[in-house]
Amino acid sequence: MTLECAIIGGGPAGLTAGLYTTRGGLENVVMYEKGMPGGQITQSSEIENYPGVTGDISGMDLMMPWPKQCQKFGLQHDMAEVSRISKKSNLFEILKSDGTTMHAHSVIVCTGSSPRRAGFKGEDEFFGRGVSTCATCDGFFYKGKEVAVIGGGDTALEEALYLAKICTKVYLIHRRESFRAAPNTIKRVEENDKIELVLNSTPTEVYGDANGVSGLKVTNKNGNIRDIKVPGVFVFVGNDVNNQTLMQEDGSFLCDVNEQGQVIVDLSMKTSLPGLFAAGDIRIEAPKQVVSAAGDGAVAALSAISYVDKLLNERNKI
Ligand code: FAD
Ligand code: NAP
């Protein structure tokens, strides 16, 4: 069986692409998602900028109904990791990590992005044992304790606010004087008594023992080292795009990407390769928002529908 469309990734972009492709008439549409659908927003403790959503809801609450809505129109979910997408003649080949393959007339890549590591000593060694990139997942372990948060963007500040509700104190460590988060978020952080700002400071080493982390050393711009005794360190220093599925056996990419590996698309979410579309955080100039990822998914789906219609109509004429 050849799929009319394969969607890789089941975050806001992939799920919306699934909704629009199936509701728009494509048949045999499969969304490949290696985990539970919902994407990275399910790690967020709160979302207040998705239109129409008011009140305190988490990213998980927001995403919960999306898969059910898509399934109603026929979207199939294969809980599988895709290793590589390639194209032979007019057909895409989807290679899954279990070694099996599927074929599709069109593909929408929505694999999003993943948290970056800051690169200080001990970060990898203590990852999962005191070093974390998910406050919603791990914050509870530090109830009534002090923690450190690293980063100066929206994620670091929002998650510092979340942790301040659970922990006795949050050290917010940022390498510069000013933050790059939304002004309202910065204001809330500055007004929170439980958050101590440790500015112009870079983490140099997290240390501990077999039981986990016991402290973090940070160096300020004057070279002074401060030892912060905390059992938990949360790292929020940005994301890298998940473009591995586009990497071919010879190391080239299936379509054009920029120097950061982000997929180059036009306003219709078309990549440089006909039939291949990209949506959400993986694309160039992505605003990295749930609402824009969902919007991209819809646009990519409409483009995929017209591509497949044209392809199949031409074939029928022959
Ligand atoms: P993702 O959400 O990253 O989804 C990609 C999916 O693809 C994942 O589910 C992944 O498992 C899957 N996948 C990856 N590779 C493969 C593969 N090879 N095979 C199969 N599946 C694969 N945005 C807002 O608008 N408001 C907020 O308040 C907000 N808060 C945030 C808080 C946090 C902590 C984080 C991390 C992000 C936040 N964002 C927020 C940003 C928002 O979550 C992202 O912009 C959005 O989720 C991007 O959607 P996406 O579908 O492009 O990718
Ligand atoms: P980000 O905006 O890229 O910020 C990363 C932060 O980490 C920056 O402050 C950066 O410092 C710092 N940093 C980077 N590398 C570091 C290192 N090696 N050591 C120490 N610090 C380091 O990432 P983000 O906060 O995860 O946000 C990603 C995107 O998602 C953004 O577009 C953001 O707006 C969006 N987002 C939106 C919301 C929302 O709308 N509510 C919530 C979360 C995320 P510098 O400032 O010095 O570069």
Side-chain angles (χ1 to χ4, degrees), residues 6-18 31-51 53 57-59 62-63 66 77-85 94-97 108-120 123 133-137 149-159 162 172-182 184-185 199-204 218 234-247 263 278-283 285-297 300:
I7 297 165
I8 322 297
L15 284 162
T16 310
M31 181 185 78
Y32 296 92
E33 167 55 60
K34 62 183 174 181
M36 291 303 290
Q40 48 178 302
I41 192 63
T42 56
Q43 296 191 4
S44 176
S45 44
E46 62 168 63
I47 175 152
E48 60 177 16
N49 59 1
Y50 193 81
V53 170
I57 74 158
S58 68
L62 177 77
M63 298 311 296
W66 294 37
H77 171 205
D78 185 353
M79 199 188 237
E81 181 175 21
V82 170
S83 303
R84 190 169 57 244
I85 308 158
I94 317 296
L95 172 65
K96 297 199 277 182
S97 58
I108 306 176
V109 190
C110 310
T111 43
S113 57
S114 301
R116 200 176 283 154
R117 301 272 167 105
F120 51 85
E123 186 182 19
T133 54
C134 180
T136 324
C137 323
V149 166
I150 297 161
D154 280 306
T155 305
L157 270 65
E158 286 182 6
E159 299 312 298
Y162 172 76
L172 178 59
I173 297 148
H174 179 39
R175 62 186 180 185
R176 291 189 297 119
E177 184 76 35
S178 58
F179 296 111
R180 58 171 74 234
N184 178 42
T185 311
L199 301 177
N200 298 309
S201 298
T202 311
T204 39
V218 300
F234 289 85
V235 182
F236 302 111
V237 296
N239 292 283
D240 291 317
V241 291
N242 299 324
N243 60 16
Q244 300 85 344
T245 60
L246 297 168
M247 181 86 79
V263 177
D281 276 15
I282 193 171
R283 72 156 168 96
E285 293 167 36
K288 301 203 176 79
Q289 296 289 295
V290 175
V291 68
S292 52
D296 282 3

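Only this structure's heavy atoms are used, side chains among them; waters, hydrogens and symmetry mates stay out. Order of listing sets the numbers, starting from 1, for every ligand and every atom in it. Everything quoted here is computed from the prediction, not taken from an experiment.
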How far does [atom1] of [X] sit from [atom2] of [Y], to the nearest 0.5 angstrom?
{"X": "Tyr32", "Y": "His77", "atom1": "OH", "atom2": "NE2", "value": "10.5 Å"}
{"X": "Ile8", "Y": "Glu81", "atom1": "CD1", "atom2": "CD", "value": "11.0 Å"}
{"X": "Thr111", "Y": "Ile85", "atom1": "OG1", "atom2": "CD1", "value": "7.0 Å"}

Quick one: closest heavy-atom pair of Glu33 and Gly35, and the distance?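 Closest approach of Glu33 to Gly35, heavy atoms only: OE2-N, 2.8 Å.
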
Residues Val109 and Thr245: closest non-hydrogen pair is CG1-OG1, 4.1 Å

Check salt bridge (charged side-chain N to carboxylate O under 4.0 Å, His left out) between Arg180 and all other residues, then give those that pass, not counting sequence neighbours.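 Testing Arg180 for salt bridge (charged side-chain N to carboxylate O under 4.0 Å, His left out), a comparison that skips the adjacent residues, returns none.
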
Is any side-chain N of the basic residue among Lys288 and Asp154 closer than 4.0 Å to the acidic one's carboxylate O?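 Salt bridge flag = no for Asp154 with Lys288.
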
What does the N/O contact table under 3.5 Å look like for ligand 1?
unit_1   : atom_1 : unit_2 : atom_2 : d
ligand 1 : 2 (O)  : Gln40  : N      : 2.9
ligand 1 : 3 (O)  : Gln40  : NE2    : 2.9
ligand 1 : 3 (O)  : Ser113 : N      : 3.4
ligand 1 : 9 (O)  : Glu33  : OE1    : 2.7
ligand 1 : 9 (O)  : Glu33  : OE2    : 3.3
ligand 1 : 11 (O) : Glu33  : OE2    : 2.7
ligand 1 : 18 (N) : Val82  : O      : 2.9
ligand 1 : 19 (N) : Val82  : N      : 3.0
ligand 1 : 21 (N) : Lys34  : N      : 3.2
ligand 1 : 25 (O) : Gln289 : OE1    : 3.1
ligand 1 : 25 (O) : Val290 : N      : 2.8
ligand 1 : 26 (N) : Asn49  : OD1    : 2.9
ligand 1 : 45 (O) : Asp281 : OD1    : 2.9
ligand 1 : 45 (O) : Asp281 : OD2    : 3.3
ligand 1 : 45 (O) : Lys288 : O      : 3.4
ligand 1 : 45 (O) : Gln289 : N      : 3.2
ligand 1 : 51 (O) : Pro12  : N      : 3.3
ligand 1 : 51 (O) : Ala13  : N      : 3.0
ligand 1 : 52 (O) : Asp281 : N      : 2.9

Return yes if some donor-acceptor pair links the side-chain N/O of Thr136 with the main-chain N/O of Gln43 below 3.5 Å, else return no.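 At least one qualifying donor-acceptor pair exists.
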
Protein neighbours of ligand 2 with a heavy atom under 4.0 Å, given by chain and number, are Asn49, Ala118, Gly151, Gly152, Gly153, Asp154, Thr155, Glu158, His174, Arg175, Arg176, Arg180, Phe236, Val237, Gly238, Asn239, Pro287, Lys288, Gln289

Sequence neighbours excluded, which residues qualify as ring-ring contact (aromatic ring centres under 6.0 Å, His included) partners of Tyr162?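 For Tyr162, no residue satisfies ring-ring contact (aromatic ring centres under 6.0 Å, His included) once neighbours in sequence are set aside.
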
